[in-house]
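Report on the following structure.
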Amino acid sequence: MHILTLETSCDETAAAVVTDRLEVLGAVVASQDKLHERFRGVVPEIAARAHVERILPVIDETLRRAGRTLREMDAIAVANTPGLAGSLLVGLVAAKTLCLALNKPLVAVNHLYAHIYACKIASGRDVFPCVGLIVSGGHSSLYHCVNSFEFRPLGGTIDDAAGEAFDKVASMLGLPYPGGPAISGVAESGDPQAYRFPRALLQDDDRLDFSFSGLKTAVRYQIAGPGRPDFRALELAPQTVADLAASFQEAVVDCLAGKTMLAVRKTGLTTVCVGGGVAANRRLRARLQQEAERAGVELLIAPPSLCTDNAVMGGIAMERFQAGLIEDLDLDVYPGVVRP
Ligand code: KG4
Ligand code: ZN
């Protein structure tokens, strides 16, 4: 069996052909980073328009790489939640149109669940039940993932997402967009102990939540310093930028790793899966590995190419399709996180 999955929830236009044995026959990701770079963040209207231009060539190229035709697909799947409304709509309309024209079933994909499912596709192992940490530009959430259909929320950010904090701090430091890879790159030559930034909520063992806006503000004040409010005008020495980046990254990693291990202790689960763009971060990966070994739990993090947005992770739709979970063609987009 074959499924064509589409992903347009944010600023990547992606498609993949995945089989019922979770083999990836073809996959394409068209990144829009260049379009959003000068705004140092995703501009929703630009993202939606770019998806319109790219979706059909991306589908064509995916099928060409897979060596399959549209008619050979058993179903069409699409991420319809959560994400940017205009972006999600482009993928959904493309998927519905294909379903209508080819008389194929439509399968819905939850983008956050799919980020965790990337760990299953990459490892080829059954990863459920597990603690799932999803850290991306829009989300920082912890789930008790019972199976691929049932994700119970354990906690999440109460303000900025981790990736959003990376992007905004990168902008303050004069680093390019997307900020995550840029910060992680310069942090390699920085001292993570140079500045002691806050780790909000980390000491609170009753909560599995994150908060990164205070950390972001602390970096801002550190750059500006007393009596220097116009921090943008400052020329920072490269070593200062590296030290600020490394210290900021360390604070984020402490919070993410700390709360993930708290979730392990609270749930008693012995597997941890991590997905989303920030899961590509080398320091976070190394730190989670260390902590997982110490706690004796299995850790699965998808390879970096399956951490940032892609359609391969939409292979989660194969399980829904096989379970008969087919959508009507009046399916809508749900930009916010849908609570189960
Ligand atoms: O999952 P994703 O591709 O899109 C969303 O669903 O948001 O995540 C994008 C986010 C951006 O904020 C980007 O800065 C961050 O992931 N990111 C990273 C790294 N690579 C991407 N953050 C930290 N370190 C990285 N290496
Ligand atoms: Zn994502």
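Counting from 1, the numbers follow the sequence of the chain as shown. Only heavy atoms go into these numbers, but all of them, side chains included; no hydrogens, no water, no symmetry mates. Counting starts at 1 for both ligands and their atoms, in listed order.
When each atom of ligand 1 is checked for a heavy atom of Gly138 under 4.0 Å away, the hits are 7 (O). Below 4.0 Å from some heavy atom of Thr308 lie the following atoms of ligand 1, by number and element: 3 (O). Within ligand 1, counting atoms from 1 as listed, the ones closer than 4.0 Å to a heavy atom of Ser136 are 1 (O), 5 (C), 6 (O), 7 (O), 8 (O). Listed by number with element, the atoms of ligand 1 under 4.0 angstrom from any heavy atom of Gly163 are 12 (O).
Ligand 1 lies within reach of Pro181, whose nearest heavy atom is under 4.0 Å from it. Remark: distances from the non-hydrogen atoms of His111 to ligand 1 include one below 4.0 Å. Under the 4.0 angstrom criterion for non-hydrogen atoms, His115 is in contact with ligand 1.
Met73 forms part of a hydrophobic cluster together with Leu4, Leu6, Val17, Leu25, Val52, Ile55, Leu56, Ile59, Leu63, Leu70, Ile76, Val78, Leu88, Leu89, Val90, Leu92, Leu98, Leu100, Leu102, Leu106, Leu329, Leu331, Val333, judged by ILVMFWY side-chain heavy-atom separations under 4.5 Å.
Looking at ligand 1, you'll find an N or O of Asp167 within less than 3.5 Å of one of its N or O atoms. Backbone and side-chain nitrogen or oxygen atoms of Pro178 are examined, and none is located within less than 3.5 angstrom of a nitrogen or oxygen of ligand 1. The shortest N or O to N or O distance between Asn281 and ligand 1 is under 3.5 Å. Checked against a 3.5 angstrom limit, the closest N/O atoms of Gly180 and ligand 1 fall inside it.
Under the 4.0 Å criterion applied to side-chain N and carboxylate O atoms, Glu164 and Lys168 are assigned as salt-bridge partners. The residues Asp167 and Arg40 are annotated as not salt-bridged, no charged nitrogen and carboxylate oxygen being separated by less than 4.0 angstrom. Salt-bridge formation is not detected for the pair Lys266/Asp205: no Lys NZ or Arg NE/NH1/NH2 atom is positioned less than 4.0 Å from an Asp or Glu carboxylate oxygen.
If you check the side chains of Asp160 and Ser213, you find no donor sitting under 3.5 Å from an acceptor.
Comparing Pro304, Gly277, Gly137 by heavy-atom distance to atom 19 (C) of ligand 1, the nearest is Gly277.
For atom 2 (P) of ligand 1, the closest non-hydrogen atom on the protein side is Asp309 OD1, 3.4 Å.
No donor-acceptor pair under 3.5 Å is formed between the side chain of Thr157 and the backbone N or O of His139.
Protein atoms that are N, O or S and lie under 2.8 Å from the Zn ion (ligand 2) are these: His111 NE2, His115 NE2, Asp309 OD1.
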